[in-house]
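Inspection log for the structure reproduced underneath, given as C-alpha cells.
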Amino acid sequence: MWNQQIDPLGNIALSALVAAVPILVFLVCLVVFKMRGITAGIIASVLQMAIAAWPFGMPAGSIAGAALAGIQTSVWPIAYIIVMAVWLYRLTVASGRFDVIRASIAGVSPDQRVQVLLISFAFGAFLEGAAGFGVPIAICAALLVQLGFSPVKAAMVSLVANVAAGAYGAIGIPVIVGAQVGGVDLASLSLQMVIVLQILALVTPFLLVLILDGFRGIRETFVMTLSVSLAFSISQAAILIFLGPDLADIIPGLLTMVVVFAVGRAWKPKRIYREEGAPEPTATNQTFGDVVVAWSPFYILTGVVFVWSLPWFKSLFAVDGPLSWLVARVPIPGVTGVIVPFGKDEPVATVWEWTPVNATGTAILVAVLISFFTTPQLRSADLWRELGATLKMLWQPIVLIALVLIVANVANHSGGSTGIGTAISEIGFIFPLFAPVIGWFGVFITGSVVNNNTLFAGLQTVTAQGIGVDPTLLVAANTSGGAVAKLVSPQSIAIAAGAVGLTGREGEILRAVIGWSLAMLGVVCVWVMLLSLVMPAP
C-alpha cells in the first residue's frame with residue numbers, strides 16, 4: 001500500500017503550487033499559445049504524471065492505474081452519454097423535423113436574442129435537470145448553429161447559460177452529494193444555494209442578451225428578459241426551499257419555456273435582432289400537431305431519463321438489488337486497495353462500474369430507438385450513417401476528455417488536488433472569500449460538480465468549523481464556485497467544440513468564456529465573504 005501525501009516539499013503553499021503546474025500549463029497552452037486541445041492535454045498529462053512521481057512519490061503502478069481510471073470514466077459514462085445525445089440530435093436533423101423546430105422557434109419570435117433565452121437558457125436548464133453530463137451544452141449549441149449563430153458564439157452562450165442550472169445537474173445529484181460528503185443537512189444546503197447562487201440565476205438572462213447585443217439589446221428586450229429571469233429564479237428558489245434540489249432545473253426550465261411562449265405572443269421587440277448571416281425565418285403552415293411531433297425526440301429523451309433516475313429504478317441495480325448482476329464493478333489496479341488517502345487508515349475502495357442497462361447513456365439510446373421507430377422518414381441506413389458521423393465528429397473531443405480525466409485522476413490520487421485545497425484553506429478567517437475558488441478548481445480539473453463536492457465538501461466543512469463559519473455556507477460556496485467553472489472546464493469546452501464543429505479550436509471557445517467565468521467567480525467570492533460576516537455559525 002502507498003500512503004498519500006499532500007505536502008511533499010514541507011511547505012504546503014509550495015507543494016500546492018507545484019501540484020497546480022499541469023493545470024496552469026494546460027490553460028497557457030490553450031489561451032496563450034493557441035494549441036490544439038489534444039496537444040495541450042498531452043502536455044498536461046505528461047507533466048501531471050511526472051509531478052505525481054516526484055515530488056509526490058506516487059508509485060508507477062498507481063499512476064498507471066489512476067490514468068486508466070480516467071480513460072475508463074471518459075469512455076463510460078461520459079463519452080457514451082455525449083455520443084448518444086448528439087446521435088439523437090443528428091437524427092432529428094436528418095428526419096427533416098428540425099425544419100419544423102426552427103419554424104416553431106421563429107414562430108415564438110424571429111428575434112435571436114429571444115431564441116437564445118428559449119433554447120440555451122430555458123431548454124438548456126430543462127436538459128441539465130433531465131440528463132446533465134454536457135447534454136444541454138451539446139444539444140443547445142448545435143441547435144443555435146442550425147439557427148445561424150457562429151460556432152464560437154453558439155458555444156459561448158450555451159456555456160454561460162448553463163451557470164443557472166449547472167449546480168444542480170441531473171436530478172439534483174451535485175447538491176445531494178455535497179450534503180452527504182460535507183455532513184450537512186440537505187434542506188439547509190438547498191436554502192444556502194438559494195442565498196449564494198440565486199443572484200447569478202437572476203442576472204444570467206441579462207448577460208446572455210448583453211453578450212449578443214450589448215446594453216441596447218437589454219433595453220429592447222427588457223420585458224422578455226425580465227420575465228424569463230423572474231420566472232426561472234423565483235420558481236427555482238421556491239423548489240429548492242420547499243422541495244429540495246431534485247427538480248431545481250426541470251420545473252423552472254419547463255416553466256420558463258412556457259413564459260417565453262406566452263410573452264412572445266403578447267409582446268414584440270421594436271427591432272428584430274438577427275445574427276449576421278443567419279437565414280431569414282420563412283412563413284410556414286405547420287399545425288400544432290406538427291410542432292409537437294417535431295419536438296418529440298426531446299420529450300421522449302426527458303421521459304426515459306426521468307424513469308432511469310427514479311429511486312425504485314436505481315434500486316434495482318444497487319449492490320443488493322435484484323438486477324445487481326447486470327452491473328460490473330471492476331477494481332482499479334494500482335488504486336483500489338493500494339492508495340491510502342491522506343489522513344485515512346484504510347485504502348480507497350474505488351471501483352469502475354460498467355452499467356450497460358441503468359446508465360444514463362442507455363436511457364438516451366432508448367430515446368434514440370423510440371424516436372427512430374416513430375419517425376417514418378428515417379431508414380436503417382440513416383440510423384447507422386448518423387451514428388458513424390457522430391463518432392467521426394466527436395472522437396477528438398472524447399480523446400481530449402480522456403486526457404483531462406487522466407490529469408484529474410492522477411492529481412486526485414497523488415494528493416495534489418487535496419494539497420491545493422488544503423493550502424487555500426490555511427489562509428484563516430478570510431477563507432470564505434476563497435472557498436468558491438476551491439470549487440472552481442475542483443470542477444475545472446474534473447469537469448463535474450459532483451466530483452468537485454466529493455473532493456472538497458468535507459474540506460470546506462472542516463475549515464468552516466475551524467474558523468467559526470457555518471459549514472453549510474461553505475459547502476454551498478464550493479458547489480457555486482463549481483457551477484461557474486463549468487464554463488471553462490476542459491470537458492465542457494471539448495463537448496461544445498465537438499457539437500459546433502470546432503474540434504481542435506477549443507482555445508477559441510475558452511478565450512471567449514474565461515473572462516465571464518472569472519467575473520462570476522469574483523462575484524460569488526465577495527458575496528460568500530459578506531454572508532460569512534453576517535450569518536452566525538450554528
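Because only heavy atoms are used, hydrogens play no part in the values below, and waters and symmetry mates are left out as well, while side chains stay in. Values in this document were obtained by computation on a predicted structure and should not be read as measured data.
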Answer yes if the side chains of Trp527 and Ser480 hold a donor-acceptor pair under 3.5 Å, and no otherwise.
no
Side-chain donor or acceptor of Ser489 paired with backbone N/O of Lys486 under 3.5 Å
no
Look only at the side chain of Ser517 and the backbone of Val484, and say whether a donor-acceptor pair between them is shorter than 3.5 Å.
yes
Applied to residues 4-23, the salt bridge (Lys or Arg N to Asp or Glu O under 4.0 Å) test, sequence neighbours excluded, yields none
Once side chain to side chain donor-acceptor pair (under 3.5 Å) is applied, what residue pairs with a partner in residues 54-79 remain, sequence neighbours excluded?
Trp76-Thr355
Within the side chain of Thr336, is there an N or O that forms a donor-acceptor pair under 3.5 Å with the backbone of Thr350?
yes
Between the side chains of Tyr80 and Thr362, is a donor N or O closer than 3.5 angstrom to an acceptor N or O?
yes
Measure from the side-chain N and O atoms of Gln236 to the backbone N and O of Ala248, and report whether any donor-acceptor pair falls under 3.5 Å.
yes
Say whether, by atom type as modelled, one donor and one acceptor occur between the side chain of Trp352 and the main chain of Leu68 under 3.5 angstrom.
no
Between Asp185 and Thr472, do the side chains contain an N or O donor and an N or O acceptor separated by less than 3.5 Å?
no
Are the side chain of Ser15 and the backbone N or O of Asn11 linked by a donor-acceptor pair below 3.5 Å?
yes
Side chain of Arg511, backbone of Leu30: donor and acceptor closer than 3.5 Å?
yes
Can you list the steps and then say if Phe298 with Phe123 is a ring-ring contact (aromatic ring centres under 6.0 Å, His included)?
CA-CA 10 Å; Phe298 303 111; Phe123 186 50; 5.5 Å; yes
Measure from the side-chain N and O atoms of Trp87 to the backbone N and O of Leu383, and report whether any donor-acceptor pair falls under 3.5 Å.
yes
